[in-house]
Amino acid sequence: MTEGMLVVIGVLFIAAILTGMLTRKNTTKNHDEHGIPFGFEENYAVALEPCKDGKTLLYDLTTCRHCARLQEFLTLHGVEYNDVVVDRYIGKARSEIVEKLKSYNPRVSFPTAVFPDGTVIVGYRETLLLEEVERLKEAGLINSEKNK
């Protein structure tokens, strides 16, 4: 490699780093001092006390395609859920959410769904999800009319 090529590569590398720093969505300007995005205080509380309101809790990420599929599945089957998008949080708030998630899924993989009956399903596993939806219907935790 010539010296000129190394200079060009170095400049491109620095430009890539600066671009990433300037376009970061999770900045302290968008969050309170605890790391909670403005307007997500209730969502944060739900993340730490799953299913307290009788709804399924979904821990997911903005970039996760399996998470999006699980959201579609839950909606299609009439399962009310709270969606906690973990990568929207920063600092202490994210750490606390991840610690809570670890109590259900030690690998901290996504998506992780916590159902009102205590069942936890990690990933998009359609057969298990269908079985859980049926159990929730039988227990009266899902309104079957929504599914028709």
Show me the side-chain donor-acceptor pairs of residues 64-72 shorter than 3.5 Å, one per line, residues at least two apart or across chains.
from	atom 1	to	atom 2	distance (Å)
Q71	NE2	D60	OD2	2.6
Q71	NE2	D83	OD2	2.9

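- A salt bridge (charged side-chain N to carboxylate O under 4.0 Å, His left out) check over residues 33-50, counting only residues at least two apart or in different chains, returns the pairs E49-K52.
- Counting heavy atoms from C-beta outward, T75 and Y81 have side chains that approach closer than 4.5 Å.
- For the atom pair CG of D32 and CZ of F40, the computed distance is 12.0 Å after rounding to the nearest 0.5 Å.
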Discussion item. Could you walk me through whether F73 and V133 satisfy the side-chain contact (heavy atoms from CB on, under 4.5 Å) test, starting with their C-alpha distance in whole Å, then the side-chain angles of each, then the deciding distance to 0.1 Å, before giving a yes or no?
Written reply: CA-CA 10 Å; F73 177 92; V133 166; 3.8 Å; yes
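- For K92, there are no side-chain hydrogen bond (donor to acceptor under 3.5 Å, both in side chains) partners at least two apart in sequence or on another chain.
- For the ring-ring contact (aromatic ring centres under 6.0 Å, His included) test, residues two or more places apart in sequence or in another chain that qualify with H34 are Y44.
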Practice prompt. Could you please spell out the steps behind the side-chain contact (heavy atoms from CB on, under 4.5 Å) verdict for R94 and D87?
Written response: CA-CA 8 Å; R94 183 185 288 187; D87 57 351; 3.8 Å; yes
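- Rounding to the nearest 0.5 Å places NZ of K100 at 13.5 Å from OG1 of T112.
- Paired with N82 under the rule side chain to side chain donor-acceptor pair (under 3.5 Å), one option of D53, N43, T56 passes, and it is D53.
- Listed by chain and number, the residues in a salt bridge (charged side-chain N to carboxylate O under 4.0 Å, His left out) with R135 are E132 (sequence neighbours excluded).
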Practice prompt. Test side-chain contact (heavy atoms from CB on, under 4.5 Å) on V84 and Y89 and set out the steps.
Written response: CA-CA 9 Å; V84 175; Y89 296 84; 4.2 Å; yes
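- Sequence neighbours left out, not one pair with a member in residues 103-123 passes salt bridge (charged side-chain N to carboxylate O under 4.0 Å, His left out).
- Side-chain heavy atoms closer than 4.5 Å link hydrophobic residues (I, L, V, M, F, W, Y) into clusters, and following such links, even through other members, never connects V85 to L101.
- The aromatic rings of Y104 and Y59 sit tilted relative to each other, their planes meeting at an angle between 30° and 60°.
- K55 and E80 make their closest contact through CE-OE1, 3.5 Å (heavy atoms, listed as atom of the first residue, atom of the second, distance).
- At a threshold of 4.5 Å between non-hydrogen side-chain atoms, the residues R88 and N30 do not count as touching.
- The closest side-chain heavy-atom distance from L74 to F115 is below 4.5 Å.
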Worksheet entry | Worked verdict on L129 versus Y124 for side-chain contact (heavy atoms from CB on, under 4.5 Å) | CA-CA 8 Å; L129 291 163; Y124 183 80; 3.9 Å; yes
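- With rounding to the nearest 0.5 angstrom, the CD1 atom of I97 is 7.5 Å from the CD1 atom of I36.
- Nearest approach of K102 to V108, heavy atoms of both residues: CG-CG2, 3.3 Å.
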